[in-house]
Enquirer: 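Take a look at this one; I'll ask things after.
Letters A, B, ... are given to chains in the order of the sequence lines, protein chains preceding strands, and every chain is numbered from 1.
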Amino acid sequence: MIRLDCTVENRASTLLQTLVQRLGPEGRQELNEGATHEVAVLVRTHILDAAKTRHTTADNIRNGPAGRTGHLTKAGESVEESVSSDEGTVTISSPGFRRALGPLTILPTRRQHLTIPADALAYGKTVAEVVREGINVFRPKGRNFLATVDKSTGKPTLRVLYNLVQSATLKHEPELLPRVDEMEAAGKKGVLNVIQDIINKRGAA
Amino acid sequence: MTAAEAILSKTPMPTHMDSAAIRASVAAEVRRRSMFSATVTREKYLLRLREALARVASGEWDEARAREVLQRELDVLGYDAEAGGFPGDLGLVQPADRGSLRDLASRSRLNLTIDTNTRMARSAAQAKAGSSPYALREFPAWSLERVYGRMVPRDWAARWQAAGDSVGWKGAAKGAPGLTGEPRMIALKDSPIWQAIAAGAGGFDDTLGNAFPPFAFGSGMGWREVPKAEAAKLGLGPAGEPDTDMTPGQNEIADALGDLGPDFTANLLKELSA
């Protein structure tokens, strides 16, 4: 899970800090709500837009948009916000999304190797699921992959389903999140909107 | 409440009924608070399912891990799709082809269950966050858009038309063209069109009954919040006189700004606008 801190007080300029220090819990929460919601909308939209353009690996292995696992879209849909008088946070609850903050090394936890799909038959599936589908999966002696024998063309051919690795490092992909200055601008906009609404209401009253 | 917490708060309800029977005989509010899965008659499996869904929603597990755990649980409970389900189901559940959607252990069934429930919980959380006073003011509308590709997409333009017609287009944009000519489906958050879509207006019986995405089984549609300026261009804005009521928090801020004086407010606005 990634947690983004949107608390107004933590990022406030001198003028804004002066205002915040005069507020009780309800006033502070009002400002945190504005800042946090703007950041949440920005982050969600950014990730969903990124999902529309980033699918090369999936499309190389499977055909077309319907075959993708949609992991980035799921990350976008997982964006949640939490606001109180003391803090505002936006969270992204998606495995592997931490690569947005830095390289992410994945190690096997329950088996000796990670299984990296290398064929359309294996994409998005565990080995157990491929076996459940009636496909015979085996590891050729001395080799670091799992394969099956494909007899569909008449001539038996070895088809590599999964590469076996001891770790995998996902490169840092900062573009999966908006830039820090964009998120700070969104937070500021939220605070501005809150104050502007108050000025408008007091003026109309 | 987070999406994971919402899932964990549901009460498991074993049933031999299929989806259509559940929709027809169980009130929407009960369905929302319960964990049903068509033809799942074992509470123990539903408890495991609930745990798996919460861990997926929280990001702790991915879908592959959840499927693996659930398939193992079904094996332990002796589930056999072709034999009519769990031991002791006594013919209440029809046998299903292995690998089909009616096979609880099939990849397609598990994916549908995990995706549908996770998306529902996340959308409910998004709907709640989108209904705060700030969100309603600054983002008064939702736009229904495709977020997942589908081999055979549903005709959402037709569903939008039918739902809009059924509610007299109250709070909803009719026929607003998108960039490539397709109709944009945008409506105020409190428009009755969302409930009409949920109810399957136009005669659609594949809906889930929730006024938030996914509106139908396996749907690839999702929501985007629409800023007030964009909504206003489509004629969607608050009706009547502007709201002048202030929340206690706004009153606090207004009083503090009053004490700090007009120059302070002007400088603060200038700084926030920079």
Enquirer: With a 4.5 Å cut-off on heavy-atom pairs, point out which of B/Asn111, B/Thr118, B/Leu260 contacts chain A the most.
Expert: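 The option with the most such pairs is B/Leu260.
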Enquirer: Report which part of B/Ser58 has an atom under 4.5 Å of a heavy atom belonging to chain A: side chain, backbone, both, or neither.
Expert: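 For B/Ser58, the backbone is the part near chain A, not the side chain.
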Enquirer: May I ask you to decide whether A/Glu129 forms a salt bridge with B/Arg107, counting only side-chain N to carboxylate O separations under 4.0 Å?
Expert: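 B/Arg107 and A/Glu129: salt-bridged.
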Enquirer: Is the side chain of A/Glu80 donor-acceptor paired with the backbone N or O of B/Ala3 at a distance under 3.5 Å, no angle test?
Expert: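 Yes, the answer is positive, given that a donor and an acceptor are paired below the 3.5 Å cut-off.
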Enquirer: Before accepting this row, confirm whether a basic side-chain N of the pair A/Lys74/B/Asp115 lies closer than 4.0 Å to the acidic partner's carboxylate O.
Expert: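 Judged by the 4.0 Å cut-off on N to carboxylate O distance, A/Lys74 and B/Asp115 do form a salt bridge.
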Enquirer: What's the shortest heavy-atom distance between B/Asp259 and A/Arg22, and which atoms?
Expert: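 It is CB-NH1, 3.6 Å.
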Enquirer: Just give me the residue among B/Glu145, B/Arg98, B/Glu60, B/Arg65 that pairs up with chain A most often, heavy atom to heavy atom, under 4.5 Å.
Expert: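 Among B/Glu145, B/Arg98, B/Glu60, B/Arg65, the one with the most close pairs to chain A is B/Arg65.
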Enquirer: Would you say the side chains of B/Glu271 and A/Ser13 form a donor-acceptor pair under 3.5 Å?
Expert: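 Present: a donor and an acceptor within the cut-off.
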Enquirer: Name the option with the most non-hydrogen atom pairs under 4.5 Å to chain A; the candidates are B/Arg137, B/Glu68, B/Glu225, B/Arg224.
Expert: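 Most heavy-atom pairs within the cutoff with chain A belong to B/Arg137.
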Enquirer: Are A/Arg132 and B/Asp103 within salt-bridge range, i.e. N to O under 4.0 Å?
Expert: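 No, this pair does not count.
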Enquirer: Name the region of B/Glu63, side chain, backbone, both or neither, that has any atom closer than 4.5 Å to a heavy atom of chain A.
Expert: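 Side chain only.
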Enquirer: Looking at B/Arg67 and A/Thr126, what are the two nearest heavy atoms and their distance?
Expert: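 So the two residues come closest at NH2-N, 4.3 Å.
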Enquirer: When you measure from the side chain of A/Lys201 to the backbone of B/Asp245, do you find a donor-acceptor pair of N or O atoms at a distance under 3.5 Å?
Expert: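 At least one qualifying donor-acceptor pair exists.
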Enquirer: Would you give the length of the straight line joining atom CZ of B/Arg146 to atom NZ of A/Lys52, rounded to the nearest 0.5 angstrom?
Expert: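 If I round to the nearest 0.5 Å, the distance is 11.5 Å.
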